[in-house]
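Numbering starts at 1 and runs along the sequence shown. Both ligands and their constituent atoms are indexed starting at 1 by order of listing.
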Amino acid sequence: MNHSKQRPIGVFDSGVGGLTNVRALMERLPMENIVYFGDTARVPYGTKSRATIETFTAQIVDFLLEHDVKALVIACNTIAAVAGQKVRQTVGNMPVLDVITAGAEAALSTTHNNRIGVIATNTTVNSNAYARAIHRQNPDALVRSQAAALLVPLAEEGWLDHEVTRLTVREYMKPLLADGIDTLVLGCTHFPLLKPLIQQESAGVKLVDSAVTTADAVAKALAANDLLNADNPAPDYRFYVSDIPLRFRTIGERFLGRSMEQIEMVSLG
Ligand code: DGL
């Protein structure tokens, strides 16, 4: 048995939302062991400063390295936006995949008119990370980013098909639709849960779910580094969080689409 291949993939997020990425990874790479860390005690990151997010991220990366991970997945758009580079510098040669790089690529291969909308947290939008990632590949693309902070608590509340959520989405979509976007990046871990409603409010616009494209990127990177696990029919999934708030399991299982067996609380920092 090749030990390197049996090592887990480390996935992390500011909280529970990154489980949408774990779900996509479980579907795309069903033989991989996964260790997840969600910073539920300190969520949300989307309204915090760059310096704070960098400090928290360094603690999470240390924790996952202690679990001997073979690759890292930054499932949180906000972390990827402000601390992605730092993470790469810290871990050296280890593959690091993130939702922004994957989402930007997917948006560019989806758009026909080169007008791309992004909805994300305030910190992600202010960092301009999506626009930079898209412009690196196509400087002519028009990128319109819209902070959509209210959608995070609405998704956590489970108001996935609620009138309040619909009106909120409609309001956020107005400037993007006025700009004639044909592609919308769901630039926040929570937004894939709202996909049906967002689609109803964005007729003719193609939605890019970065969880799915990130899982594809992970598969490619593992293959390129000869780290794909093809011999593990009963993979191990471990979930670590910094707090287990009320309703955590219900919310987590909604994001994950299945039951969570091993949840453990750890404190960082
Ligand atoms: N995980 C965050 C993101 O994808 C959303 C929640 C937060 O603000 O921490 O941007």
Side-chain angles (χ1 to χ4, degrees), residues 10-25 36-57 59-61 64 72-84 87 96-104 106-107 117-133 145-160 165 168-169 172 184-195 198 207-215 239-243 245 247-248 251-252 254-256 268:
V11 184
F12 63 103
D13 178 41
S14 56
V16 73
L19 292 173
T20 49
N21 280 266
V22 174
R23 180 181 189 159
L25 277 173
Y36 179 82
F37 181 83
D39 202 357
T40 43
R42 304 189 289 199
V43 70
Y45 280 20
T47 47
K48 292 191 170 70
S49 71
R50 174 179 289 264
T52 298
I53 295 168
E54 280 179 359
T55 306
F56 292 174
T57 302
Q59 293 166 351
I60 299 173
V61 170
L64 290 172
L72 280 176
V73 179
I74 309 178
C76 177
N77 291 260
T78 306
I79 296 177
V82 303
V87 173
V96 177
L97 291 308
D98 75 86
V99 282
I100 293 191
T101 310
V118 179
I119 48 173
T121 64
N122 296 43
T123 303
T124 301
V125 168
N126 290 340
S127 76
N128 223 15
Y130 268 106
R132 273 187 281 121
S145 301
Q146 170 69 49
L150 292 176
L151 298 183
V152 174
L154 289 170
E156 292 206 357
E157 192 60 30
W159 288 13
L160 308 183
T165 315
T168 310
V169 167
Y172 284 141
L184 177 71
V185 179
L186 306 179
C188 173
T189 46
H190 290 54
F191 299 170
L193 289 181
L194 302 172
K195 229 180 191 174
I198 294 172
L207 304 188
V208 170
D209 173 354
S210 45
V212 176
T213 47
T214 305
F239 303 99
Y240 294 95
V241 287
S242 47
D243 190 17
R247 297 198 307 128
F248 174 78
I251 297 171
R254 184 181 304 139
F255 275 90
L256 196 61
L268 301 185

Does F12 have its ring centroid less than 6.0 Å away from the ring centroid of Y36? no
Whether the T121 and T124 side chains hold a donor-acceptor pair (N or O, under 3.5 Å, no angle test) is what I'd like checked. yes
For the residue pair T78 / T123, report whether a side-chain donor-acceptor contact shorter than 3.5 Å exists. no
Decide whether T47 and N122 meet the rule of one side-chain donor and one side-chain acceptor closer than 3.5 Å. no
Exercise: do T52 and S49 side chains pair donor with acceptor under 3.5 Å: yes
Could you check ligand 1 for N or O atoms lying under 3.5 Å from protein N or O atoms and list the pairs with distances?
residue: ligand 1; atom: 1 (N); partner: D13; partner atom: OD1; Å: 2.8
residue: ligand 1; atom: 1 (N); partner: S14; partner atom: OG; Å: 3.1
residue: ligand 1; atom: 1 (N); partner: T189; partner atom: OG1; Å: 2.9
residue: ligand 1; atom: 4 (O); partner: N77; partner atom: N; Å: 3.1
residue: ligand 1; atom: 4 (O); partner: N77; partner atom: ND2; Å: 3.2
residue: ligand 1; atom: 4 (O); partner: T189; partner atom: N; Å: 3.0
residue: ligand 1; atom: 4 (O); partner: T189; partner atom: OG1; Å: 3.3
residue: ligand 1; atom: 8 (O); partner: Y45; partner atom: N; Å: 3.4
residue: ligand 1; atom: 8 (O); partner: G46; partner atom: N; Å: 2.8
residue: ligand 1; atom: 9 (O); partner: S14; partner atom: OG; Å: 2.6
residue: ligand 1; atom: 9 (O); partner: Y45; partner atom: N; Å: 2.7
residue: ligand 1; atom: 10 (O); partner: T78; partner atom: N; Å: 3.2
residue: ligand 1; atom: 10 (O); partner: T78; partner atom: OG1; Å: 2.6

Can you list the residues that meet the salt bridge (charged side-chain N to carboxylate O under 4.0 Å, His left out) rule with R247, with sequence neighbours excluded? E157
